[in-house]
Amino acid sequence: MTKTARQLLEWYDRNRRQLPWRAADGADADPYHVWLSEIMLQQTTVATVKGYFEKFLARWPSVEALAAAPQEDVLQEWAGLGYYARARNLHKCAQTVVSEHDGEFPSTEEGLKALPGIGDYTGAAIAAIAFGEAATVVDGNVERVVSRLFRVTEALPAAKKAIKEHTASITPSERPGDFAQAMMDLGAGVCTPKSPKCLLCPIRTGCAAHEAGDMERFPVKAPKKTKPTRRAMSFWLEHDGHVLLERRPQKGLLGGMPGFFSTPWEERATFPTKEEWLDHRPTEDYWKPLEGLAKHTFTHFHLETKLLTAKADAKLNFENGFWHPLAQLEDVGLPTVFKKIAALKTTPQK
DNA sequence: AACTCGGGGGG
DNA sequence: CCCCCAGAGTT
């Protein structure tokens with residue numbers, strides 16, 4: 001074991017955080033818990049995940065229970081957490097583990113990575129944390145810690161290969177799961193993107209960037225593109241205490257989630273004119289524009305939408321559409337963008 | 001290698 | 001406003 005790994009593990013033993021998915025000191029980690037938490041933690045902060053993890057575990061205590069659930073129920077519980085492909089793959093993965101692996105998760109990085117939703121990071125993390133394999137675990141925290149430790153001047157994402165090799169060079173064969181979690185805890189609390197707390201760092205003596213005094217330069221990243229703005233009109237159709245919702249297609253943005261019918265979300269400088277939105281309205285009822293504007297930002301674009309409302313004569317059936325009781329709108333599991341759009345109707349605008 | 005895919009919190 | 005976050009899958 002390298003000196004760096006030993007110092008880090010000693011620090012971890014003194015500063016270990018208790019997290020809902022983390023086994024009690026000395027106990028074995030439950031692969032189902034580790035897997036569920038790691039999927040939720042992809043691009044998502046610990047604070048955000050905690051509540052969702054508890055809810056999922058209470059509703060589906062085992063991988064068998066999760067596999068047996070309807071996809072709609074899983075998406076409903078996932079609503080608000082984002083990156084909904086994770087929820088679809090989570091469900092698929094559970095079903096695969098039950099049907100093809102007798103309900104037991106594969107115990108190797110290679111076997112895990114063959115499952116839906118488990119990639120380089122998650123496969124290595126589960127193998128190390130739940131099964132003690134000395135896999136090389138690299139997430140955003142580790143990229144930052146290692147790029148500083150070795151002062152990697154190459155920019156991401158090209159630097160990923162070098163960073164992984166450096167990480168492998170300090171990953172111990174003993175306690176690899178604790179080592180991985182220690183690296184991530186260090187990145188989250190000490191080796192932070194801005195104003196890193198180097199005085200508290202257990203491995204600062206071996207840190208090349210700390211030696212040079214330019215820690216915040218790392219990791220070097222490629223410049224990012226500016227986000228365009230898309231604009232659309234959304235449709236709120238009401239009948240007899242119900243509102244019309246759309247079940248979105250499985251592929252693409254917000255796949256499988258409920259939402260409102262709308263004009264296409266297109267990059268444009270102005271909102272669709274009446275002439276334009278007439279072609280996209282779900283019914284020929286009398287549609288009236290509402291005050292207010294809903295704004296939401298996705299990973300690669302901004303969205304602005306206004307709302308049109310109408311009362312339907314009858315509860316018609318819609319392709320990919322369903323009527324949902326207004327009183328239970330909170331329970332359907334709307335993605336955040338549609339909650340904002342609904343608020344234009346349900347809460348008075350100025 | 002570049003792009004798609006959410007949402008929230010911190011500076 | 002910008003940044004980042006226990007990234008994966010597709011093209």
Side-chain angles (χ1 to χ4, degrees), chain A residues 17 19-22 29 33-53 75 78-90 92-93 112-130 135-145 155-161 164 167 177 179-189 191-196 216 219 221-228 230 248-257 259 265 295-303 333-340:
Chain A
R17 288 187 293 169
L19 296 172
W21 47 88
R22 215 167 247 187
H33 296 185
V34 174
W35 164 71
L36 179 59
S37 67
E38 290 299 344
I39 302 298
M40 289 183 167
L41 286 162
Q42 289 166 7
Q43 296 297 107
T44 310
T45 56
V46 167
T48 302
V49 165
K50 279 183 181 171
Y52 282 88
F53 179 81
L75 294 180
W78 197 276
L81 197 53
Y83 285 149
Y84 297 95
R86 291 186 296 172
R88 301 193 298 271
N89 284 330
L90 182 86
K92 265 193 251 171
C93 182
L112 288 159
K113 281 169 66 173
L115 294 167
I118 300 183
D120 289 341
Y121 162 74
T122 306
I126 299 174
I129 297 169
T136 306
V137 180
V138 182
D139 75 327
N141 289 303
V142 175
E143 280 182 351
R144 185 169 54 256
V145 171
L156 288 170
K160 281 179 180 291
K161 183 164 180 281
K164 183 151 189 172
T167 307
F179 175 80
Q181 293 178 88
M183 289 285 279
M184 296 189 279
D185 281 7
L186 189 74
C191 195
T192 46
K194 292 172 186 170
S195 308
E216 286 196 22
K221 295 198 172 181
K224 18 198 102 185
K225 310 196 319 185
T226 59
K227 294 177 184 178
R230 302 184 189 178
R248 298 172 64 86
Q250 287 287 317
K251 291 194 174 183
L253 188 70
L254 307 174
M257 301 299 290
W265 297 359
K295 295 184 182 184
H296 189 76
T297 299
F298 293 95
T299 308
H300 53 292
F301 65 91
H302 304 288
L303 177 70
L334 288 179
T336 301
V337 63
F338 294 118
K339 285 189 179 177
K340 291 180 181 175

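Here is how names work: the chains are called A, B, and so on, in the same order as the sequence lines, proteins then strands, and each is numbered from 1.
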- Output the single nucleotide from C:dA8, B:dG7, C:dC5 whose closest atom is nearest the side chain of A:Arg144. C:dC5
- Item | Min side-chain heavy-atom separation A:Val46-A:Leu19 under 4.5 Å | yes
- Task: Just compare B:dC5, B:dG7, C:dC4 and give me whichever is closest to any side-chain atom of A:His300.
- Result: B:dC5
- Query: Roughly, in whole Å, what's the span from CE in A:Met184 to C1' in C:dG7?
  - Reply: 12 Å
- No-H, no-angle donor-acceptor pair, A:Thr336 side chain to B:dG6 base, under 3.5 Å: no
- Task: Take atom CG of A:Asn141 and atom C1' of C:dA6, then tell me their distance rounded to the nearest Å.
- Result: 6 Å
- Classify the side-chain pair A:Lys227/A:His302 by whether it contains a donor and acceptor separated by less than 3.5 Å. no
- Item | Pairwise side-chain contact, A:Thr44 with A:Arg86, heavy-atom cut-off 4.5 Å (strictly under) | yes
- Message: Side chain of A:Lys221 only, heavy atoms from C-beta on: which candidate in C:dA8, C:dA6, C:dC5 is closest?
- Response: C:dC5
- Message: Judged by each residue's nearest nucleotide on DNA chain C, which is more toward the 5′ side, A:Gly117 or A:Pro219?
- Response: A:Pro219
- Query: Do A:Gln181 and A:Arg22 have side-chain atoms, one donor and one acceptor, less than 3.5 Å apart?
  - Reply: yes
- Message: Side chain of A:Thr122, heavy atoms from C-beta onward: which of B:dG6, C:dA8, C:dA6 has the nearest atom to it?
- Response: C:dA8
- Assess whether ring pair (Phe, Tyr, Trp, His ring centres under 6.0 Å) is satisfied between A:Trp78 and A:Tyr52, documenting all intermediate values. CA-CA 7 Å; A:Trp78 197 276; A:Tyr52 282 88; 7.3 Å; no
- Would you indicate which nucleotide in B:dG7, C:dA6, B:dC5 comes nearest to any side-chain atom of A:Leu253? B:dC5
- Task: Side chain of A:Pro193 only, please: which of C:dC4, B:dG6, C:dA6 is the nearest?
- Result: C:dC4
- Message: Regarding A:Ile39, tell me which of base, sugar-phosphate or nothing describes its non-hydrogen contacts under 4.0 Å with the strands shown.
- Response: nothing
- Nearest-angstrom distance from the residue atom CD of A:Gln42 to C1' of B:dG6: 13 Å
- Task: Ignoring hydrogens and angles, answer whether the base of B:dG9 and the side-chain atoms of A:Thr48 contain a donor-acceptor pair closer than 3.5 Å.
- Result: no
- Whole-angstrom distance between C:dA6 and B:dG11, as gauged at atom P: 14 Å
- Message: On the nucleotide C:dC5, are OP1 or OP2 found under 4.0 Å from the side-chain N or O atoms that A:Gln43 carries?
- Response: no
- For nucleotides B:dC5 and C:dC5, find the distance between their C1' atoms and express it as a whole number of Å. 15 Å
- Query: Considering every strand shown, what is the Watson-Crick or G-U wobble mate of B:dG6 when both distances are under 3.5 Å?
  - Reply: none
- Closest to the side chain of A:Asp120, out of C:dC5, B:dG7, C:dA8, is C:dA8
- Quickly work out the A:Lys251 NZ to B:dT4 C1' distance and round it to whole Å. 13 Å
- Item | Separation of atom CG in A:Leu81 from atom P in B:dG9, rounded to whole Å | 12 Å
- Looking at every strand, decide which applies to A:Lys227 at a 4.0 Å heavy-atom threshold: base, sugar-phosphate, or nothing. nothing
- Comparing A:Lys194 with A:Gly82, nearest DNA chain B nucleotide closer to 5' gives the residue A:Gly82
- Is any N or O donor-acceptor pair between the side chain of A:Tyr83 and the base of B:dG6 shorter than 3.5 Å? yes
- Would you call A:Arg144 and A:Asp139 a salt bridge, taking side-chain N to carboxylate O under 4.0 Å as the test? no
- Indicate, with a heavy-atom threshold strictly under 4.0 Å, whether A:Gly252 touches base, sugar-phosphate, or nothing. sugar-phosphate
- Message: Between A:Tyr121 and A:Gln42, is there a side-chain donor-acceptor contact under 3.5 Å, judged purely by atom types and distance?
- Response: no
- Query: If we take the C1' atom in both B:dG6 and C:dC3, what is their distance in whole Å?
  - Reply: 15 Å
- Message: If you only use heavy atoms from C-beta on, which nucleotide in B:dG6, B:dG7, C:dG7 is closest to the side chain of A:Pro335?
- Response: B:dG7
- Just compare C:dC4, C:dG7, B:dC5 and give me whichever is closest to any side-chain atom of A:Lys224. C:dC4
- Item | Nucleotide of C:dA6, C:dA8, B:dG6 approaching A:Arg22 most closely (side-chain heavy atoms) | C:dA6
- Task: Report yes if a side-chain nitrogen or oxygen of A:Lys225 is closer than 4.0 Å to either non-bridging phosphate oxygen (OP1 or OP2) of B:dC3; otherwise report no.
- Result: yes
- In whole angstrom, give the distance that lies between atom OH of A:Tyr84 and atom C1' of B:dG7. 8 Å
- Rounded to the Å, how far apart are A:Asn89 CG and B:dT4 P? 19 Å
- Please report, rounded to the nearest Å, how far the P atom of C:dA8 is from the NZ atom of A:Lys113. 9 Å
